[in-house]
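One structure is given here, and the rest of the page talks about it.
Naming: A, B, ... by sequence-line order, numbering from 1 per chain.
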Amino acid sequence: MFALVDCNNFYASCQRVFQPQYNGKPIVVLSNNDGCVIARSNEAKALGIKMGAPAFKFEKEFADKGINVFSSNYALYGNMSSRVMTLLSEFAPEIEVYSVDEAFLDFSGFSYFDLQAIGERMRKVVYQGTGIPVCVGFAPTKALAKAANRIAKKFPQLGGVYLMDSPEKILKAMKWLKIEDVWGIGRQHAIRLQAQGVYNALDFTMMNSDWIKKNMSVIGLRLQKELSGIRTLELEDIAPKKSIACTRSFDHNYSTFDELKERVVTYATICAEKLRKQNSCCNVIQVFIHTNFFREDQPKYSKSITIDLPYPTNSNLELAKFAIEALKRIYKDGYSYKKAGVIVMELTPEIAKQTMLFENSEPRHLKLMEAVDKLNKSYGQQKVKLAAQDLSKTWKMKRERLSPKFTTDVKDIMIIFAK
DNA sequence: TCTGGGGTCCTAGGACCC
DNA sequence: TCTGGGGTCCTAGGACCC
């Protein structure tokens, strides 16, 4: 059996851990720039707040309904996530951290154990150790464990744990699970499947597999097997990333090359830093810029460019240089830009860099970057910058309702007075 | 005024090779 | 009248996930 453990309304729950006055109250968490809703507590869901709702359109509704709004605080969520995962990893020999708020655990060989009891114990231990509520679904395949978890979440009377351990239970669940809620079926596939008369997971398992292969590729076929109880997916190891990105919307429109250059250079250095963290170099860099897609009253422009690098690198200086080069080739005067991004691809291990015929094959700026990373680690992100990042400018993301970083910043650690 | 960010995988079709 | 066959690699685009 696999278990899928998923944190309930994760970001919203993180906000509550150190601010228990919001327990039982509706809260939402906004994306970067306080853009749109990306997490909701159950109370907020019940009040009809939709995922992805743009915050500025719902200001009034938030106020009227007494919904508490938070800017996203990724430092807090990341740290809470690793605490949850550490606790979970004690329960099974293998764990796959599938995302920031969920993990698969492999319980094969546990046939003489009481999985229901183990599930309940996981919930208790995680809640006690972190304050984060989780739900647990057990099933013979990963796709079914996803379904079991959904059932544990949807039916509170189950106590947060659902053990899908018999063909009857699987059948019942597959009848209940709507096709659009199946893990791996997105909007497009759901529409096409419904047109074929497939409305739930059971219909899908009984479907002609030629149609599935043709319209959903081998991924669809695998999913069909998974839902029929045939195991095709195993736990996956943590692999180094194949691409790394840093993309951001701006708090207001930018129109000059220099403003964009400052942003793009900063994004490039962030990519470089992430590369060094996983000991990779990149061989390709992509830069894009675009105007605000939502504005009908402004001229639209969107362009991206991909550049092959002459040598693999993870140096801030090198990547900044190539990013500026790329930006020069796509920047056009006369537009108001809303977003830019840098993506690095074709990653290779730092040690396996190809020796160059005409270039010095020594990895560039290795020592320098090591020093930069050390300084930034001690004194804070982006403390050491490139001159092209315009030191006088302090670029700010809109984060008007940011909570303290309760667990990752000494200044924000709570002080408790005991009488 | 104000609408997120970061990933993965698969396929078809074109270019190219011998 | 007649114009091969068998491959590989790369890219763009589409789908999905959190």
Donor-acceptor pairs are to be reported for all side-chain atoms of residues 319-331 of chain A against protein atoms at under 3.5 Å, with residues two or more places apart or in another chain.
residue, atom, partner, partner atom, Å
K321(A), NZ, E318(A), OE1, 3.1
Y331(A), OH, S255(A), O, 2.6
Y331(A), OH, F257(A), N, 3.3
Y331(A), OH, D333(A), OD1, 2.9

Applying salt bridge (charged side-chain N to carboxylate O under 4.0 Å, His left out), which residue pairs with at least one partner in residues 207-234 of chain A are found, sequence neighbours left out?
-> D106(A)-R231(A), R231(A)-E234(A)
Here the distance between atom C1' of dC9(B) and atom CE of M345(A), to the nearest Å, is 16 Å
Which part of the nucleic acid, if any, lies within reach of E102(A) when heavy atoms closer than 4.0 Å are counted: base, sugar-phosphate only, or nothing?
-> sugar-phosphate
When you look at K339(A) and I289(A), which way does the side chain to side chain contact (heavy atoms under 4.5 Å, CB included) test go after all the steps?
-> CA-CA 6 Å; K339(A) 184 168 177 173; I289(A) 49 176; over 6 Å; no
Give one of base, sugar-phosphate or nothing for I343(A), where a contact means two heavy atoms less than 4.0 Å apart.
-> nothing
Rounded to whole angstrom units, what separation is found between the CD atom of E236(A) and the P atom of dT8(B)?
-> 11 Å
Residue pairs, two or more places apart or on separate chains, that pass salt bridge (charged side-chain N to carboxylate O under 4.0 Å, His left out) and touch residues 281-297 of chain A = R295(A)-D297(A), E296(A)-K300(A)
Y77(A) and M80(A): side chain to side chain contact (heavy atoms under 4.5 Å, CB included), yes or no, with the steps?
-> CA-CA 5 Å; Y77(A) 311 148; M80(A) 294 307 290; 5.8 Å; no
For V29(A), which contact category applies under a 4.0 Å heavy-atom criterion: base, sugar-phosphate, or nothing?
-> nothing
What is the nucleic acid contact for S243(A), judged by heavy atoms within less than 4.0 Å: base, sugar-phosphate only, or nothing?
-> sugar-phosphate
What protein N or O atoms touch nucleotides 10-13 of chain C N or O atoms at under 3.5 angstrom, if any, and at what distances?
none

Scan residues 270-280 of chain A for pairs that pass side-chain hydrogen bond (donor to acceptor under 3.5 Å, both in side chains), counting only residues two or more places apart or in two chains.
-> R276(A)-N316(A), R276(A)-D373(A), Q278(A)-S280(A)
Applying side-chain hydrogen bond (donor to acceptor under 3.5 Å, both in side chains), which residue pairs with at least one partner in residues 179-188 of chain A are found, sequence neighbours left out?
-> Y98(A)-W183(A), E180(A)-Q194(A)
Show each protein N/O and nucleotides 1-4 of chain B N/O combination with a separation under 3.5 Å, one pair to a line.
residue, atom, partner, partner atom, Å
dC2(B), OP2, R295(A), NH1, 2.5
dT3(B), OP1, K338(A), NZ, 2.5
dG4(B), O4', S31(A), OG, 2.8

For I238(A) and dG7(B), give me the distance from atom CD1 to atom P, rounded to whole Å.
-> 16 Å
Would you mind reading off the distance between L347(A) atom CG and dG7(B) atom P, rounded to a whole angstrom?
-> 10 Å
Base, sugar-phosphate, or nothing: which does F293(A) touch, judged by heavy atoms less than 4.0 Å apart?
-> nothing
Which ones in residues 205-231 of chain A lie close to DNA chain B, meaning a heavy atom under 4.0 Å from one of its atoms?
-> K213(A), S217(A), V218(A), I219(A), R222(A)
Summary of ring-ring contact (aromatic ring centres under 6.0 Å, His included) pairs that have at least one residue in residues 226-245 of chain A, sequence neighbours excluded = none
In whole Å, what is the span from the CG atom of D181(A) to the C1' atom of dC17(C)?
-> 15 Å
T269(A) and K385(A): side chain to side chain contact (heavy atoms under 4.5 Å, CB included), yes or no, with the steps?
-> CA-CA 9 Å; T269(A) 62; K385(A) 297 196 207 175; over 6 Å; no
So which pairs with a foot in residues 261-284 of chain A pass ring-ring contact (aromatic ring centres under 6.0 Å, His included), sequence neighbours left out?
-> none
Value in whole Å for how far the P atom of dG5(B) lies from CD1 of I244(A) = 17 Å
Write down the distance between CZ (F10(A)) and C1' (dC18(C)), rounded to a whole number of angstrom.
-> 12 Å
Between dC18(C) atom P and Y98(A) atom OH, what is the distance in whole Å?
-> 5 Å
Strictly under 6.0 Å, is that where the ring centroids of H252(A) and Y254(A) end up?
-> yes
Whole-angstrom distance between dT3(B) and dC18(C), as gauged at atom P = 25 Å
Determine, using ring centers only, whether F70(A) and Y22(A) are less than 6.0 Å apart.
-> yes
Keeping to residues at least two apart or across chains, list the side-chain hydrogen bond (donor to acceptor under 3.5 Å, both in side chains) pairs with something in residues 23-35 of chain A.
-> D34(A)-S71(A)
Could you write out DNA chain B as a dot-bracket string, with dots for unpaired bases, | for bases paired across to another strand, and Watson-Crick or G-U pairs counted at under 3.5 Å?
-> ....||||||||||||||
F110(A), CZ: over 12 other non-hydrogen atoms inside 6.0 angstrom = yes
Check the pair L233(A) / T141(A) against side chain to side chain contact (heavy atoms under 4.5 Å, CB included), numbers first and verdict last.
-> CA-CA 7 Å; L233(A) 302 171; T141(A) 70; over 6 Å; no
Counting any heavy atom closer than 4.0 Å, what does L30(A) reach on the DNA or RNA strands: base, sugar-phosphate only, or nothing?
-> nothing
